[in-house]
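Only a predicted model underlies this, so the values are computations on that prediction, with no experimental measurement involved. Indexing begins at 1, ligand by ligand and atom by atom, following the structure's order.
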Amino acid sequence: MQHSVQHILQELEGLYSKSEISVLTQLILEEVCGNSFRGITTDKIKHLSGSERWKAEDIVRRLKRGEPIQYILEKTEFYGMPFVVSPDVLIPRPETEELVEWILAGNRPAGCSVLDIGTGSGCIAVTLAKKMYGADVYAWDISKGALKVASENAFLNCVNVRFSLRDIFQPVDTAPFFDVIVSNPPYVTESEKTTMEATVLGFEPHGALFVPDTHALIFYERIAEVALALLQSEGELYFEINREKGLEVCNILRSKGFGSIELRKDISGNDRMVRAVKPEGHG
Ligand code: GLN
């Protein structure tokens, strides 16, 4: 019987591209050999021990069902930092790294207060807490399971984030406080489901992804209102958006009273993020 990782991964041909298989090989070897890739010799690639082979086969079996490798290994990377993930949270996306990059480019003074609404894995909040000097970061989510994962990620990255279980559609009673509010809310419409990959549809939390076609921007409407109440004057609101909805999101922000509205594309050339400023003297 063959004991090489290549042999085990042969089963994935057709399901994944060659380059994906080579990344998967590296990740699986790191996992089953409990070693950093640099420490893994070609010998290891060729000869796995019994228990290593068993673990690798189990991972491959799950990959064949379409389960994302990040959920299988219960971890990923975001902005060069380690994050744990579970099916309670979306797997952080590269587009969201671009949103974080935009926020960080603001070079704000130390001690900024920041709120992430619908934090999920905490990837935005934890990264901002790590990279914005002296920032005071708050993060809300409606899901207890997500907040548990997000808290683990704050711990893992040695930052302090104040998490709370909040339903954004309930009244907010806080006075204007934040310098920056950011959100990557659910924005995929039900009718877009047909174009989504099975790995996303079958495994990622639908509550974090989908909105009804008839109320596709319900989170943006509500978060814009909440942000007007919670931002200090000249505070900024950042959104990740559905690429089809750039102009509509800008119109919502304008109609609520925001100024300096800017729509940006992601690296793939799709409208993907918006920034707006609460004008001085508003409310
Ligand atoms: N960008 C994610 C996707 O394409 C969706 C994220 C979201 O709904 N906020 O699956």
Who passes side chain to side chain contact (heavy atoms under 4.5 Å, CB included) against P82, sequence neighbours left out?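 Result, side chain to side chain contact (heavy atoms under 4.5 Å, CB included) vs P82: L156, N157.
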Centroid separation under 6.0 Å, is that true for the rings of F219 and F239?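 No, ring centres 6.0 Å or more apart.
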Does the pair N242 and E192 meet the rule for a side chain to side chain donor-acceptor pair (under 3.5 Å), with working shown? CA-CA 11 Å; N242 182 319; E192 286 169 329; 3.0 Å; yes
Remaining members of hydrophobic cluster (4.5 Å side-chain criterion), W102: F78, Y79, M81, F83, L99, V100, I103, L104, V114, I124, V126, L128, M132, V137, L147, V159, V161, F163, L165, V180, V182, Y238, M273
Salt bridge (charged side-chain N to carboxylate O under 4.0 Å, His left out) contacts in which one or both residues fall within residues 174-183, not counting sequence neighbours: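 Residue pairs with at least one partner in residues 174-183: there are none.
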Using a threshold of 4.0 angstrom between heavy atoms of the protein and any atom of ligand 1, which residues qualify? L90, R93, E95, N184, P185, P186, Y187, V188, M196, A208, L209, E240
Would you call E101 and R264 a salt bridge, using N to O less than 4.0 angstrom? no
